[in-house]
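First the structure, in the form of structure tokens, and then the observations on it.
Both ligands and their constituent atoms are indexed starting at 1 by order of listing.
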Amino acid sequence: MTSEIIDSKDLKSDPVFGQLSFDGHEQIVFCNDEDTGLKAIIGIHNTTLGPALGGTRMWQYKTEWEALNDVLRLSRGMTYKSAITGLNLGGGKAVIIGDAKAQKNDALMRKFGEFVNSLGGKYITAEDVGMETRDMDIIREVTTSVTGISESKGGSGNPSPVTAYGVYMGMKAAAKYKFGSDKLEGKKILVQGVGHVGETLVKHITDEGAQVILNDINEARLEELSKKYSANVVLGNDIYGLDLDIYAPCALGATVNDTSIAQLQAKVIAGAANNQLANEVKHGKMLQEKGIAYAPDFLINAGGIINVYAEVAGYNKEESLKRTENIYNTTLEIFDLAEKENITTHRAAFNIAQARIDARKKEQNS
Ligand code: NAD
């Protein structure tokens with residue numbers, strides 16, 4: 001390896017703290033290992049309520065800026081998700097830059113685990129896109145700061161089915177608010193992204209008799225699941241103008257934006273993806289003005305964190321499901337509060353979460 005002197009005129013100003021997505025984050029850790037090729041970023045947004053727990057995403061980011069921006073947005077989202085869910089956890093998240101199918105191996109996972117371990121419990125990892133329960137088991141070999149490990153190894157297993165159950169609860173609550181009934185029978189529902197969470201959600205809503213339309217970039221998966229659930233399929237990105245009752249984003253974030261809102265026919269948005277609103281303030285407001293009931297993502301996709309928190313707090317699956325079911329009630333409360341205060345649902349949920357963090361901080365400082 002050769003070291004070169006870097007000319008300060010080549011450095012862009014404020015590359016981290018000046019990022020648009022930087023929001024008072026406590027710590028950002030850049031992890032690099034030449035032997036395994038690991039390039040990862042751990043974002044710790046806030047630890048007021050407890051250790052920063054959040055999954056690791058492995059994704060082929062086009063640029064490092066994109067990866068940094070993602071980890072900043074995702075870790076911040078975890079702070080509010082755990083706060084509104086009433087968990088004693090802070091917000092953190094990690095991203096590994098690379099193709100999970102081609103570049104993930106046990107040595108890379110172990111090395112990443114060592115970086116997590118070096119934070120001494122301040123950050124606890126779990127699964128996210130591109131990760132499997134098996135990866136958490138490998139990380140567990142080098143650190144206790146990991147959740148979502150196999151049930152056979154004493155963990156809570158794959159959190160995705162519990163996440164899907166919570167999204168289903170949030171979707172039913174949103175339907176009750178918007179359509180006057182939480183029955184999804186006959187409702188036209190587009191599920192965008194039929195991966196771990198999306199598929200289980202499809203199962204819940206088809207069992208209830210919804211008319212489900214599937215969308216994914218993985219055509220083989222679409223073919224398999226359309227047969228399995230007798231569901232229709234739509235290919236490509238031209239999906240928002242479809243005649244729909246409910247849009248369920250279950251792929252990646254920022255799909256609720258200027259373009260999609262302008263076309264959207266759905267009356268409800270309720271899905272699993274994190275950071276669905278490209279711009280929380282602007283797009284939250286646009287949805288409110290268009291009369292689209294938006295179930296805040298960080299509220300209704302909390303089933304997974306509830307499930308992995310069981311490993312930290314020591315409760316069982318039954319308790320995880322009971323707590324997840326309560327997402328139905330919280331979602332209804334948020335819709336009512338937003339209407340009463342004439343604010344967006346995102347803002348209503350955010351305000352409650354922030355108030356909990358502020359109260360704890362006050363206690364800690366007194
Ligand atoms: P996954 O990787 O299993 O599934 C994602 C699916 O989306 C894949 O099938 C992929 O092909 C598809 N996809 C990717 N880009 C797409 C695009 N542009 N259009 C259509 N489909 C596309 O991930 P997952 O675990 O099911 O998580 C889905 C979303 O829910 C993610 O945003 C994740 O952060 C969020 N989430 C997951 C959990 C969990 O417990 N797994 C918890 C909370 C939030």
Pair listing, side chain to side chain donor-acceptor pair (under 3.5 Å) test, anchored in residues 259-270, at least two apart: N257-S260
Residue list, side chain to side chain contact (heavy atoms under 4.5 Å, CB included) with D358, at least two apart or on another chain: Q354
Does any donor atom in the side chain of T344 or Q288 lie under 3.5 Å from an acceptor atom in the other side chain? no
Contacts of H25 that satisfy side chain to side chain contact (heavy atoms under 4.5 Å, CB included) - sequence neighbours left out: F22, D23, I28, H45, L72, S75, R76
Looking just at side-chain N and O atoms, do R73 and N274 make a donor-acceptor pair shorter than 3.5 Å? no
Note every protein N or O atom lying under 3.5 Å from an N or O atom of ligand 1, pairing the names and giving the distance.
{"from": "ligand 1", "atom 1": "3 (O)", "to": "H196", "atom 2": "N", "distance (Å)": "2.9"}
{"from": "ligand 1", "atom 1": "3 (O)", "to": "H196", "atom 2": "ND1", "distance (Å)": "2.7"}
{"from": "ligand 1", "atom 1": "9 (O)", "to": "D216", "atom 2": "OD1", "distance (Å)": "3.4"}
{"from": "ligand 1", "atom 1": "9 (O)", "to": "D216", "atom 2": "OD2", "distance (Å)": "2.7"}
{"from": "ligand 1", "atom 1": "11 (O)", "to": "D216", "atom 2": "OD1", "distance (Å)": "2.6"}
{"from": "ligand 1", "atom 1": "26 (O)", "to": "H196", "atom 2": "N", "distance (Å)": "3.1"}
{"from": "ligand 1", "atom 1": "26 (O)", "to": "V197", "atom 2": "N", "distance (Å)": "2.8"}
{"from": "ligand 1", "atom 1": "30 (O)", "to": "A272", "atom 2": "O", "distance (Å)": "3.3"}
{"from": "ligand 1", "atom 1": "32 (O)", "to": "A251", "atom 2": "O", "distance (Å)": "2.6"}
{"from": "ligand 1", "atom 1": "34 (O)", "to": "R57", "atom 2": "NH2", "distance (Å)": "2.8"}
{"from": "ligand 1", "atom 1": "34 (O)", "to": "D128", "atom 2": "OD1", "distance (Å)": "3.0"}
{"from": "ligand 1", "atom 1": "34 (O)", "to": "N274", "atom 2": "ND2", "distance (Å)": "2.9"}
{"from": "ligand 1", "atom 1": "40 (O)", "to": "T163", "atom 2": "OG1", "distance (Å)": "2.7"}
{"from": "ligand 1", "atom 1": "41 (N)", "to": "S160", "atom 2": "OG", "distance (Å)": "3.2"}

Can you say whether the rings of F298 and Y80 are parallel (under 30°), tilted (30 to 60°) or perpendicular (over 60°)? perpendicular
